[in-house]
Amino acid sequence: MSTLGEPRDVMILDEVPDPQPGAGQLLVRVRGAAANFADALMCRGLYQVKPLLPFTPGLELCGEIVALGPGITGFAVGDRVIGSSALPAGGFAEFALMGTSTTFPAPAAFDDAEAAAFYIGYQTGWLGLHRRAHLQPGETLLVHAAAGGVGSAAVQLGKAAGARVIGVVGGPAKFEVATRLGADVVVDGHTEDFVEVVKDLTDGRGADVVYDPVGGDVYQRSTKCIAFEGRILVVGFAGGQIQSAALNHALVKNYSILGLHFFLYATKNPALVRACHDELTKLAANGMVKPLVSERLALGAVAEGLQRVADGTTVGRVVFIS
Ligand SMILES: NC(=O)c1ccc[n+]([C@@H]2O[C@H](COP(=O)([O-])OP(=O)(O)OC[C@H]3O[C@@H](n4cnc5c(N)ncnc54)[C@H](OP(=O)(O)O)[C@@H]3O)[C@@H](O)[C@H]2O)c1
């Protein structure tokens, strides 16, 4: 894409030269690339990372290594890997670049589309729930946008951690999806007040952990049903409003507000990220987690697919598959 705007307007299918791997980079033949809300924000120029134009979008992918940058060890041509792309050579293409610090072995349990969607949502969920919020078995976890990309992963990871999971979704179709994902209770936020449901289910105590990729009013309402010593994970602002926190409220109710930027761990704590991937791979092998791939698209259909993600109408992950 060479201009910014809505995905359907600015993403064009074009022939470009094959990218060349530099130091610390791998060239992969793309097997699958999952569409993230962040890709849509990047198309609009609203994401924190703003690549120079033109660039090929697609932050998350599964690929087969076809060439290694100079001096790389620990990876081999032919390896099937997952992780993030090295922009400007993103995953919505035949070939992409990946950085070695954010590339991991693809779990054997998954096909290419599932593997492509097993990085961002699951590392974000695992690091958020375990590293940041210290979710404990038996605690109540409230997940917003529970049928979405990161939300569906958080529901599965919350159940795998032994929590009681309450999912909030927008509309009946998403209600069905979140129920099938394993949420103990699902709230349709279009017709029900999640604050009342959480209070009822916890005898007034509230949720121990809130996983919030939506923000705005959803965050503000969540502070009305957070438990004593609860933890609110600020994951994203898909609703379009960046909320402010009332710190006097956090003080009087004794709760924590935790920022989460999963990608920082790759540089700040690479050993933890490797351990996280190993844990996730075990959960995958045991059948405890599995990405929900709702659509498998050819390259020419990706712009419309990413537009649906941007519009908030998709469930799980929409994946480009080669
Ligand atoms: N902090 C991190 O490290 C990190 C990592 C990954 C993603 N994120 C963030 O997490 C958020 C979700 O990402 P995702 O890729 O998983 O997206 P997604 O959940 O697949 O889609 C976003 C969901 O948010 C809800 N939503 C509410 N208001 C919306 C609006 N005005 N427009 C669009 N959606 C709206 C919708 O679910 P309902 O209809 O059910 O409400 C929608 O399905 C994004 O803000 C992303 O940037 C953060």
Side-chain angles (χ1 to χ4, degrees), residues 6-7 33-44 46-49 57-60 83-84 102 116-129 131-133 142-157 166-179 181 183 186-192 194 210-219 221-222 232-243 257-268 273 276 291-295 305-319:
E6 289 302 300
N36 279 261
F37 198 82
D39 290 308
L41 292 176
M42 206 174 269
C43 284
R44 293 169 172 162
L46 298 177
Y47 193 58
Q48 58 255 36
V49 177
L59 287 168
E60 176 179 37
S84 67
T102 54
F118 195 58
Y119 170 58
I120 293 180
Y122 285 84
Q123 286 211 1
T124 303
W126 194 91
L127 291 164
L129 296 176
R131 177 76 175 188
R132 299 292 279 133
L142 177 66
V143 179
H144 292 295
V150 297
S152 58
V155 168
Q156 293 178 358
L157 290 167
I166 304 172
V168 183
V169 297
K174 292 180 178 182
F175 187 101
E176 291 297 321
V177 169
T179 304
L181 283 166
V186 182
V187 182
D188 180 351
H190 289 177
T191 55
E192 286 177 281
F194 72 80
V210 176
Y211 194 86
D212 180 17
V214 179
D217 286 347
V218 163
Y219 167 86
R221 298 286 297 146
S222 298
I232 303 179
L233 280 160
V234 178
V235 180
F237 311 102
Q241 297 295 320
I242 299 177
Q243 67 274 14
I257 304 154
L258 304 171
L260 174 65
H261 185 183
F262 95 101
F263 199 69
L264 277 188
Y265 282 97
T267 47
K268 300 284 185 193
V273 170
C276 164
L292 169 63
V293 176
S294 58
E295 300 180 53
L306 185 56
Q307 187 65 50
R308 289 193 286 281
V309 175
D311 294 340
T313 58
T314 56
V315 296
R317 287 285 182 222
V318 170
V319 179

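All of these numbers come straight from a predicted model, not from anything done at the bench. When a ligand or atom number is given, it counts from 1 through the structure's own listing order.
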Side-chain donor-acceptor pairs of residues 167-179 under 3.5 Å, sequence neighbours excluded:
| from | atom 1 | to | atom 2 | distance (Å) |
| --- | --- | --- | --- | --- |
| K174 | NZ | G312 | O | 2.6 |
| T179 | OG1 | F175 | O | 2.7 |

Side chain to side chain contact (heavy atoms under 4.5 Å, CB included) evaluation trace for Y119 with T102: CA-CA 9 Å; Y119 170 58; T102 54; 3.6 Å; yes

Candidate pair Q243 and F237, rule side chain to side chain contact (heavy atoms under 4.5 Å, CB included), full reasoning: CA-CA 8 Å; Q243 67 274 14; F237 311 102; 3.5 Å; yes

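In this structure, CG on L260 lies 12.0 Å from CZ on R131, to the nearest 0.5 angstrom. If you take CG on L127 and OH on Y122, they are separated by 14.5 Å, rounding to the nearest 0.5 Å. Atom OH in Y211 sits 7.0 Å away from atom CG in L233 (nearest 0.5 Å).
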Distances for all N or O pairs of ligand 1 and the protein under 3.5 Å?
| from | atom 1 | to | atom 2 | distance (Å) |
| --- | --- | --- | --- | --- |
| ligand 1 | 1 (N) | V235 | O | 2.8 |
| ligand 1 | 1 (N) | L260 | O | 2.7 |
| ligand 1 | 3 (O) | F262 | N | 2.9 |
| ligand 1 | 15 (O) | F37 | N | 2.8 |
| ligand 1 | 15 (O) | R317 | NH1 | 2.8 |
| ligand 1 | 16 (O) | G149 | N | 3.4 |
| ligand 1 | 16 (O) | V150 | N | 2.7 |
| ligand 1 | 16 (O) | R317 | NH1 | 3.4 |
| ligand 1 | 19 (O) | G149 | N | 3.2 |
| ligand 1 | 20 (O) | G149 | N | 3.0 |
| ligand 1 | 32 (N) | A238 | O | 3.3 |
| ligand 1 | 37 (O) | K174 | NZ | 3.4 |
| ligand 1 | 39 (O) | K174 | NZ | 2.7 |
| ligand 1 | 40 (O) | G170 | N | 2.9 |
| ligand 1 | 43 (O) | K174 | NZ | 3.3 |
| ligand 1 | 45 (O) | F237 | N | 3.4 |

